[in-house]
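So the structure is just underneath, and the comments pick up after that.
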Amino acid sequence: MRIIDLRSDTITRPTPAMRRAMADAEVGDDVFGEDPTVNRLEEMAAQRLGKEAGLFVVSGTMANLVCLLTHCGRGHEVLLGDRSHTFYYEQGGSAALGGVHPRTLPNEPDGTLDLGRIEAAIRPDNIHFPRTRLVVLENTHNRCSGSPLTPEYMRAVGEIARQHDLKLHVDGARIFNAAVALGVDASDLVSEADSVTFCLSKGLAAPVGSVVCGSRDFIREARRARKVVGGGMRQAGVIAAAGIVALTEMVGRLAEDHDNAHRLAEGLVDAGGLSVDPGSVRTNIVYMDITRDGLLSAHLAEQLAGEGVLLLPTGPRQLRAVTNYHIARDDVDHASDVIRTVLKRQGPPGPY
Ligand SMILES: Cc1ncc(COP(=O)(O)O)c(C=O)c1O
């Protein structure tokens with residue numbers, strides 16, 4: 001059966017060029033700072049984002065955790081979106097391991113946080129309050145339709161952070177998707193950020209890894225945080241080599257994923273039983289809300305999987321599709337045909 005896996009861009013497998021680079025990678029002990037391939041990836045990443053230094057870590061979750069642990073101490077407060085990955089999907093790691101107090105603000109549908117709300121949430125100096133230390137933004141914003149946040153917005157938040165002596169962290173797991181969608185340089189999106197993370201293992205198709213970027217001083221401290229959470233790797237050049245290929249060869253093609261995502265959304269606009277808004281699809285993520293009475297996402301996903309189309313249930317009545325390196329335009333057309341057919345086949349609402 002033809003399988004079209006749209007669950008996530010994390011399913012991407014390394015390209016032949018990555019596999020070759022991995023096989024040939026020069027390596028050393030990275031905890032001693034002696035892996036030349038890791039060092040090269042970290043330098044390249046920092047340069048791409050306009051920062052002084054980089055730090056290779058195993059995952060986006062570890063990248064965010066290391067940054068929050070570096071910026072904040074116990075009892076410090078972090079302001080972040082209520083739909084942000086860091087708040088929603090990372091086990092509250094900074095609270096669990098670092099005693100950092102999360103304060104959520106509502107994400108707007110485009111993934112931003114209202115500037116007035118950010119300012120209003122910053123605590124005055126008062127013995128009863130935790131100290132606000134950090135603002136976290138996510139760009140693109142996964143749970144907000146993969147929306148890219150503009151350089152102007154990012155700078156506006158940076159300005160607020162600076163005025164109030166706060167730090168700004170950017171979860172840029174998909175920062176290159178944002179840059180490509182907006183037609184800007186990724187460094188323009190994070191010029192005000194004290195730390196930024198991005199993932200090599202999502203749309204860029206590397207098998208493992210994220211990079212944290214920031215000032216030299218910040219990265220020195222973040223390296224300690226990485227070690228304490230068990231993230232010190234040894235001959236990690238074997239995986240960093242794939243990351244170098246990801247950065248050099250895979251960014252330009254992200255526009256293709258964005259076009260395919262938009263095409264998928266357009267193809268589903270009048271599929272009965274689903275609500276999809278192509279206008280909200282700016283990058284590689286498409287959310288679909290089920291409007292048919294009684295139909296649950298788990299049930300629909302199971303039926304679609306039976307026909308070879310894999311989508312991810314992201315709520316009882318919501319599904320997500322993420323286009324990626326392995327999905328061609330023709331796959332998208334086939335997937336939307338299958339989705340339409342399966343929806344048509346649904347009888348009257350059942351006791352799902
Ligand atoms: C916005 C965002 N941040 C962080 C992560 C975490 O990345 P990882 O799965 O590598 O831990 C993800 C994963 O999907 C994400 O979408």
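Whatever order the structure lists ligands and atoms in, that order sets their numbers, starting from 1.
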Response to the item:
Per-atom filter on ligand 1: closer than 4.0 angstrom to a heavy atom of N142 are 16 (O)

Practice prompt. Identify, for atom 8 (P) of ligand 1, the protein heavy atom at the shortest distance, and state residue, atom and that distance.
Written response: G60 N, 3.4 Å

Worksheet item: Salt bridge or not for R234 and D35, using N-O below 4.0 Å?
Response: no

Worksheet item: Minimum heavy-atom separation for S275 to T291, with atom names?
Response: CB-CG2, 3.7 Å

Discussion item. What verdict does the side chain to side chain donor-acceptor pair (under 3.5 Å) test give for H101 and E77, after you've listed the backbone C-alpha separation in whole Å, the side-chain angles of each residue and the deciding distance to 0.1 Å?
Written reply: CA-CA 5 Å; H101 187 248; E77 189 167 69; 3.0 Å; yes

Fill in: Closest protein heavy atom (residue, atom, distance) for atom 11 (O) of ligand 1
T61 OG1, 2.6 Å

Worksheet item: Does the pair E307/R2 count as a salt bridge with the N-to-O cut at 4.0 Å?
Response: no

Worksheet item: Within a strict 4.5 Å, meaning less than it, do heavy atoms of the S210 and T197 side chains meet?
Response: no

Worksheet item: Which residue supplies the protein heavy atom nearest to atom 5 (C) of ligand 1, what is that atom called, and how far is it?
Response: H85 CE1, 3.2 Å

Worksheet item: Using heavy atoms and a threshold below 4.0 Å, how should the contact between E90 and ligand 1 be classified: side chain, backbone, both, or neither?
Response: side chain

Worksheet item: In terms of atom number and element, which parts of ligand 1 are under 4.0 angstrom from non-hydrogen atoms of S59?
Response: 10 (O), 11 (O)

Worksheet item: Which ligand 1 atoms are under 4.0 Å away from a heavy-atom of A173?
Response: 1 (C), 2 (C), 3 (N), 15 (C)

Worksheet entry | For R174, atoms of ligand 1 separated by under 4.0 Å from a heavy atom | 14 (O), 15 (C), 16 (O)

Discussion item. Students should be able to answer this: which protein heavy-atom is nearest to atom 1 (C) of ligand 1, and at what distance?
Written reply: E138 OE2, 3.2 Å

Worksheet entry | Residue and atom name of the nearest protein heavy atom (relative to atom 9 (O) of ligand 1), distance in Å to one decimal | K202 NZ, 3.7 Å

Response to the item:
The salt bridge (Lys or Arg N to Asp or Glu O under 4.0 Å) partner of D9 among R174, R320, K202 is R174

Worksheet item: Can you tell me the protein heavy atom closest to atom 3 (N) of ligand 1 and the distance?
Response: D171 OD2, 2.7 Å

Worksheet item: Only one of D330, D333, D331, D257 forms a salt bridge (Lys or Arg N to Asp or Glu O under 4.0 Å) with R263, so which one is it?
Response: D333

Practice prompt. Step by step, work out the side chain to side chain donor-acceptor pair (under 3.5 Å) result for H258 and N177.
Written response: CA-CA 8 Å; H258 301 172; N177 293 85; 3.0 Å; yes

